Amino acid sequence: MNIAEIRNLSMSIYSGKGVPALILDDLNFHIREGEILGLIGNSGSGKSMTAMTIAGLLPESAQVTSGSIEIDGKDVLKLSAGERRKLLGEEIGMIFQDPMTALDPLETVGKNLDEILRIRNIPKEERKSRIISMLETVGFIEPERIYRSYPHQISGGQRQRVLIAGAALLKPKLLIADEPTSSLDTVTTVSILKLLKDICIEMHMTILFISHDLSVVNNFCDRVMVMKDGKIIDSDNTEDILHNPKNAFTAELLTKAKLDPRSLGLEFSEVDPSGSPVLKVMDIATAYRDGFFGRQRAKNTIEGISFDLYPGEVMGLIGSSGCGKTTLAKTICGLLKPTGGNIDHCSGKVGVVFQDPVSCLNPMHTIRWHLNEPLVAAGIKLTKEEREKKILEAIKAVGLEEKHLSRYPGRLSGGQRQRAAIAMCLILEPSVMIADEPFSSLDASSAASILKLLSKINRERKTSILLISHNLRVVRTMCRRVLVMSRGHVVEEGMTEEVLKSPKASATKALIDAERQLS
Amino acid sequence: MEQAKYIGKRLVELFLTLLVVSFLTFAAFSIIPGDTASVMLGPNATAEQLSALRSQLGLDLPMSVRYLEWLKGAFTGDLGNSYAYSQPVISLITDRLPVTIGMSILSLLMVLLISYPMAILSGRRPGSLSDNTLSVFGHVLFALPPFVLSMLIITLASAAFGIYSVGRYVKPSSDFFGYLGCLLLPSFCIALPKIAMTFKFLRASIIEEKASDYVRTSKSHGLSDVSIMFRHILPNSTVSTITVISLVLSDILGGSLIVEQVFNLPGLGRLLLAAISRRDFPLLSGMVFYLALITVLLYFAADIVSALIDPRMRNNREGTL
């Protein structure tokens, strides 16, 4: 039995006077009852748009131009807007990528979920008891407390559980999960996937699972479809697709997703551990300010952290969300003032690249302005020609071209923006580069290319890199040494291979365990 | 507990602000040139008369002593006597307060009652005919200075239609609805540009909130656009608009001082002008202090309202994103 049947579905987006852009091109597929169907592909290939089209949540500028969507035997495209809305929650449940912002911050968790039942005229007492019992089903030990909490008082993983509770509240037949784990750390990802699987079996739900993380898909899905440029180009059961790909594009996607140093041709600089370090971090602690005059200090967020970084060395920094990795990065590059200890930059410069290339570039300015900004801030006096030459050098070093300089960030892809951000960091020729999850918001192809770029920078310029990542595979391929953080402390450090092979600290073991469960 | 701590913290800030304002007011009026005694007695006064009056008014005391005396009075409601009117300053102010306060409250109500529906109609579908019409209308209101609008409206209402007579004022104690009627038109004149400002800001905020993730979640829950607008988008846009509304409020207060001149109403504006031209120091500093007090209280109220709507403001330590 098929729960959903999609035939000849095409969808276009109309913008202004121009020719409408064809987003979905003649899709034909079905979703079987009880299965978990994976949908993979690069960003912009139309995965999310497929989901939104099925759910009927397209923006007003989008229009289905042909085809039919049958859900549980009904052609939903023939329904009125009100009838389609009724399907949402009852027949189709949805969860999305970023649980941090997916709940209304002004209402309690309970109130956020209450609306699903309220609009269906269910009496108040019943609503509360149903929500509480659903919160219990998704794994909350104190459902009453979560019910009363505000979204900002619970963690990202907990919020995603709340959203799953909402999506499953009316026991819909189809659950659409659009990158539900991409913004979560590995340990949380594993627990969310397990929950989805349990719920799927318990409530007889079918899942359409969209992801760009192939190891998650491999572990989770029964069948996989591959999308490219709005078309489904490959589809088979997971085993055949991911281990025995016949389609050339799928094979390429897989190679890139493995982030394997040999197939990507990665090479790193030699490291001389007897030489003098380029960065010395000695027993630092950092706290966020609090209190009336900003004087009172909250508990130290990180504490007692010491390490040296040698010229040309790539060092990994791993740990689950909230363990203080980013706080450490900010402290080293001077964005936060340490409350104790010492950081010696050894007369070199420290550059930093952050996770989200969308929000770290100013949309009002061109890439040229962005590259000039660090030079201005550092007070480097240059003639116009020298400045232009330096900017050109930096943009070419990251694999972009001169024409990109006059563009605004909005006109670049995610991967290109991250390259621009790296160029901003390189223009001051830092001896140390801190890369805070530089590819976790990018798809497999862009991630692989950014990884290549980092290895090239390291090899050619001998730039030392402190790489923060929750992807152990990347850390394994890139980093000579690794630091493991947990609750603000470094709990383990050493040569990457040794640490990951025979971990001692329980935090390291948990990370490795989670990764193993995914692959 | 969290709430009490938050309000306590805000109250301390409020008190400190008032202290600084009171000192600056006092210092400013003590430093500016001109001798009150010679203004009061005229050019023919003798030196003895001048010094007698100075000591009678306490002007011969050191500034720090005078400031502390005045501060004590300010917080107990005793601001001394006006030089020009020979009446207690406090009663001069409270006599005229109903006009200014009444107009401010009416204007605020008009701003809220008109700008919200406008912003909802407009932000619901950006780029639609209703949005474009309302936006142009908003720009026109925004561009015209209030006194021009006032004169236009007076001419229309009194000369053309004869429904309003300029300068008519009824005390609230004698006829409350008559009092409101007298203030309606001037309040509208103050409100118009502020309606445009609030509308513009709220519209932008509604459009921004409409694209947020929690709206998408509610859509996936099956909610209609209308209930998403009222249940989620409006409260969230209000949080970011409250700051603007509190700015609008202090603008309204300032605006009413001008508009009551145009409409010839016995409010604080006229008293302020009289006090300045006659160098009536106690009256002037008292008025500035109380206007500052009202403004600070308005900001305080805005903070409390935001905290009531937004739980992240109540315990902002965990609330940082």
Side-chain angles (χ1 to χ4, degrees), chain A residues 16 51-52 55-57 59-61 81-82 84-108 111-120 149-154 159 162-163 166-167 169-170 172 175-176 178 288-292 296 298, chain B residues 2 5-6 8-16 124-128 131 207-240 242 305-321:
Chain A
M52 295 309 245
L57 289 178
E60 274 169 32
S61 53
R84 272 205 96 173
R85 210 163 45 229
K86 216 169 160 301
L87 289 184
L88 290 168
E90 285 171 32
E91 304 259 337
I92 304 173
M94 297 186 86
I95 49 173
F96 302 98
Q97 173 167 8
D98 196 353
M100 297 313 274
T101 49
L103 290 165
D104 187 338
L106 306 184
E107 295 185 337
T108 58
K111 199 101 191 290
N112 262 293
L113 298 182
D114 186 63
E115 63 186 22
I116 307 167
L117 302 174
R118 194 193 65 234
I119 56 166
R120 293 177 169 91
S149 299
Y150 284 97
H152 73 267
Q153 294 167 323
I154 60 179
R159 285 185 219 192
V162 168
L163 289 159
L169 197 54
L170 296 169
L175 178 71
I176 299 177
D178 189 354
Y288 287 91
R289 277 160 190 277
D290 193 22
F292 187 61
Q296 196 181 322
Chain B
E2 284 288 348
K5 224 168 122 185
Y6 178 79
K9 193 179 146 180
R10 280 291 115 94
L11 279 174
V12 173
E13 280 177 2
L14 189 147
F15 181 75
L16 288 178
R124 200 177 45 130
R125 234 168 248 228
S128 65
D131 176 40
I207 292 171
E208 194 183 316
E209 295 294 338
K210 250 178 76 171
S212 60
D213 286 354
Y214 64 81
V215 167
R216 185 181 56 183
T217 306
S218 284
K219 278 188 182 164
S220 82
H221 288 166
L223 259 71
S224 65
D225 287 353
V226 176
S227 35
I228 289 176
M229 175 64 85
F230 285 97
R231 289 235 157 213
H232 296 293
I233 296 177
L234 273 188
N236 276 285
S237 334
T238 300
V239 170
S240 47
I242 283 176
V305 172
S306 327
L308 283 177
I309 304 179
D310 192 342
R312 289 166 299 182
M313 305 268 278
R314 294 201 286 272
N315 42 2
N316 54 7
R317 208 172 105 199
E318 293 106 292
T320 46
L321 290 167

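Just so it is clear, the model here is predicted, and its values are computed rather than measured. All chains are named by letter (A, B, ...) in the order of the sequence lines, taking the proteins before the strands, and each is independently numbered beginning at 1.
Minimum interatomic distance between A/P105 and B/P311 (heavy atoms only, all atoms of both residues): O-CG, 3.2 Å. Across A/E107 and B/H232, no two heavy atoms sit closer than the pair OE1-CE1, 3.4 Å. Minimum interatomic distance between A/E115 and B/S218 (heavy atoms only, all atoms of both residues): OE2-OG, 2.8 Å.
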### Worked check of side chain to side chain contact (heavy atoms under 4.5 Å, CB included) between A/K111 and B/R231
CA-CA 11 Å; A/K111 199 101 191 290; B/R231 289 235 157 213; 3.9 Å; yes
### Task
Evaluate the criterion side chain to side chain contact (heavy atoms under 4.5 Å, CB included) for residue pair A/T101 and B/S212; output intermediate values, then yes/no.
CA-CA 8 Å; A/T101 49; B/S212 60; over 6 Å; no
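Separating the CG atom in A/L106 from the CG atom in B/L234 is a distance of 11.5 Å, to the nearest 0.5 Å. In this structure, A/Q97 CD and B/R216 CZ are separated by 8.0 Å, a value rounded to the nearest 0.5 Å. In this structure, the separation between CG on B/D213 and CE on A/M100 is 11.5 Å, given to the nearest 0.5 Å.
Contacts of A/I95 with chain B are absent, with no heavy-atom separation under 4.5 Å from either backbone or side chain. Interface remark: A/I119 contributes side-chain atoms only to the contact with chain B (heavy atom separation under 4.5 Å). Heavy atoms closer than 4.5 Å to chain B are found nowhere in A/R84, neither backbone nor side chain. Both the backbone and the side chain of A/A102 have a heavy atom closer than 4.5 Å to some heavy atom of chain B.
Open room surrounds CZ on B/R125; 12 or fewer heavy atoms of other groups in view lie less than 6.0 Å from it. Atom CZ of A/R85 has more than 12 heavy atoms from other residues, nucleotides or ligands within 6.0 Å.
Your options are B/P235, B/S227, B/S224, and the one with the most heavy-atom pairs under 4.5 Å with chain A is B/S224.
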